[in-house]
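When a residue number appears, it is its place in the shown sequence, counting from 1. Predicted, not measured: the structure shown is a model, and the values here were computed from it.
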Amino acid sequence: MFTTQWSVNELAKRQYLFKLSTNGAVFTTLIVLQIIGTIFISGAGSTFMNDWGEGITFNFTSISNDGQVGLTLFWALIVGFLLTSAAQRNESFSFVTNRLTFQLANFYFICTAALLGGVTTVLLGSVMKIVALFGDNIIIETTGLLSSPLDFFSRILVMTAYTLLLMMTGYLLGTLIQFSKLFIALFGLIWFMYFTFGINLSVGEGESLLYFYYGETSILLFILKVVVSVSVLFGVSFFVTNRLEVRNP
């Protein structure tokens with residue numbers, strides 16, 4: 001008689017593929033949000049007028065996909081939170097699994113979703129150029145894949161990193177709430193104090209926690225910060241998950 005012993009990576013990969021097939025609505029929601037953002041926010045921009053005299057006047061209009069970026073990051077936070085639901089945890093019982101393979105499958109799924117969010121959001125920049133052309137606007141200078149490939153792929157890398165960071169943040173928040181509902185009150189209190197009294201977390205002299213990331217000028221250091229942060233978030237989530245009951249309602 002022969003027995004088949006699956007490796008940890010093989011089990012995690014099978015659960016990851018299962019999550020891709022059962023969570024297709026997650027990616028559909030992202031595309032719908034980006035389409036809505038493109039339709040309703042594509043006209044958002046800032047206009048500047050410069051009068052050079054002698055009857056010559058120039059109107060400069062700057063159009064960006066900041067709205068789509070915000071929608072993608074919001075989507076990432078919600079998706080990371082929903083991955084910790086009881087339904088997501090209980091579906092792992094369809095496999096011969098443990099906490100490690102379950103967490104690895106979730107992490108693979110999060111990385112895939114973050115990559116998709118980063119790529120599609122940056123590609124919307126090309127859509128914005130087309131929208132601008134149909135609006136009788138003349139694009140004088142812009143960066144893209146052909147004109148500046150390094151800048152183009154850097155934007156994809158940065159957007160993917162932000163999406164991954166927000167998704168892991170939502171994942172940790174959901175894990176803590178699943179561990180104890182008292183964290184709902186704690187997070188609500190922090191949110192209230194932040195918006196009411198302007199209390200802000202800092203990492204240095206007058207530097208906010210958000211500035212710790214977006215204020216970084218070196219892309220290598222930025223990626224290092226994100227990798228370390230994601231590793232810490234995943235480690236804490238794994239530790240907390242191991243302390244949960246085997247199956248929660």
Side-chain angles (χ1 to χ4, degrees), residues 4-34 69 71-123 153-179 213 222-248:
T4 302
Q5 184 175 3
W6 297 99
S7 65
V8 171
N9 185 62
E10 184 66 24
L11 287 172
K13 185 175 72 172
R14 284 176 172 268
Q15 292 183 65
Y16 159 70
L17 294 176
F18 178 75
K19 286 181 179 294
L20 285 180
S21 62
T22 57
N23 292 279
V26 167
F27 305 107
T28 303
T29 302
L30 172 64
I31 301 302
V32 170
L33 283 176
Q34 291 180 339
V69 170
L71 288 175
T72 300
L73 295 180
F74 175 75
W75 166 85
L77 187 66
I78 298 301
V79 169
F81 182 84
L82 292 179
L83 282 176
T84 63
S85 64
Q88 290 287 336
R89 293 198 311 275
N90 292 337
E91 75 177 12
S92 64
F93 287 91
S94 303
F95 300 86
V96 179
T97 182
N98 53 39
R99 296 296 190 189
L100 177 58
T101 57
F102 171 74
Q103 292 284 2
L104 287 177
N106 281 342
F107 184 71
Y108 295 161
F109 180 84
I110 287 174
C111 290
T112 303
L115 179 61
L116 178 65
V119 172
T120 54
T121 303
V122 173
L123 288 178
F153 287 109
S154 295
R155 284 186 282 134
I156 290 180
L157 181 61
V158 171
M159 186 62 202
T160 301
Y162 275 124
T163 307
L164 178 61
L165 184 61
L166 264 294
M167 202 167 290
M168 283 304 307
T169 301
Y171 188 76
L172 176 60
L173 294 179
T175 301
L176 293 175
I177 291 176
Q178 289 295 330
F179 178 72
Y213 297 102
F222 169 76
I223 296 301
L224 179 61
K225 289 179 179 181
V226 172
V227 169
V228 172
S229 300
V230 168
S231 300
V232 172
L233 293 173
F234 180 75
V236 175
S237 299
F238 181 75
F239 174 77
V240 173
T241 302
N242 280 338
R243 301 175 63 87
L244 290 174
E245 296 293 335
V246 175
R247 187 164 186 158
N248 288 358

Under the rule for side chain to side chain contact (heavy atoms under 4.5 Å, CB included), what residues qualify as partners of [X], not counting sequence neighbours?
X      : result
Ile223 : Leu157, Ala161, Ile219, Val227
Leu33  : Thr29, Trp75
Leu233 : Leu165, Met168, Thr169, Leu172

Handout entry: With Phe109 via ring-ring contact (aromatic ring centres under 6.0 Å, His included) - residues at least two apart
Key = Phe27

Practice task
Tell me whether the centres of the aromatic rings in Phe234 and Phe107 are closer together than 6.0 Å.
Solution key: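 Yes, they do, as the ring centres are separated by less than 6.0 Å.
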
Problem - Any donor-acceptor N or O pair under 3.5 Å, side chains Thr84, Thr175 - result: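 No, no side-chain donor-acceptor contact under 3.5 Å.
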
Practice task
Ignoring hydrogens and angles, state whether a donor on the side chain of Tyr108 or Gln103 is under 3.5 Å from an acceptor on the partner side chain.
Solution key: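 There is no such pair (donor and acceptor under 3.5 Å, judged by atom type) between the side chains of Tyr108 and Gln103.
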
Euclidean distance, [Y] [atom2] relative to [X] [atom1], rounded to 0.5 Å:
X      : Y      : atom1 : atom2 : result
Phe81  : Leu83  : CZ    : CG    : 11.0 Å
Asn106 : Ser237 : CG    : OG    : 9.5 Å
Thr121 : Leu71  : OG1   : CG    : 9.0 Å
Leu164 : Ile110 : CG    : CD1   : 7.5 Å
Leu123 : Arg155 : CG    : CZ    : 9.5 Å

Can you name the nearest heavy-atom pair linking [X] to [Y], along with the distance?
X      : Y      : answer
Ala12  : Leu104 : CB-CB, 3.7 Å
Ala114 : Met167 : N-CE, 4.2 Å
Ala105 : Gln15  : CB-CB, 3.6 Å

Practice task
Check whether any side-chain heavy atom of Val79 sits under 4.5 Å from a side-chain heavy atom of Tyr171, and report yes or no.
Solution key: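 They are not in side-chain contact.
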
Completion exercise
residues 158-167 vs side chain to side chain donor-acceptor pair (under 3.5 Å), sequence neighbours excluded, gives none

Problem - Lys13, NZ atom: more than 12 neighbouring heavy atoms under 6.0 Å - result: no

Practice task
Walk me through it: do Thr72 and Met159 pass the test side-chain contact (heavy atoms from CB on, under 4.5 Å)?
Solution key: CA-CA 9 Å; Thr72 300; Met159 186 62 202; 3.9 Å; yes

Exercise for the section: Would you please name every residue forming a side chain to side chain donor-acceptor pair (under 3.5 Å) with Ser154, sequence neighbours left out? Expected result: none

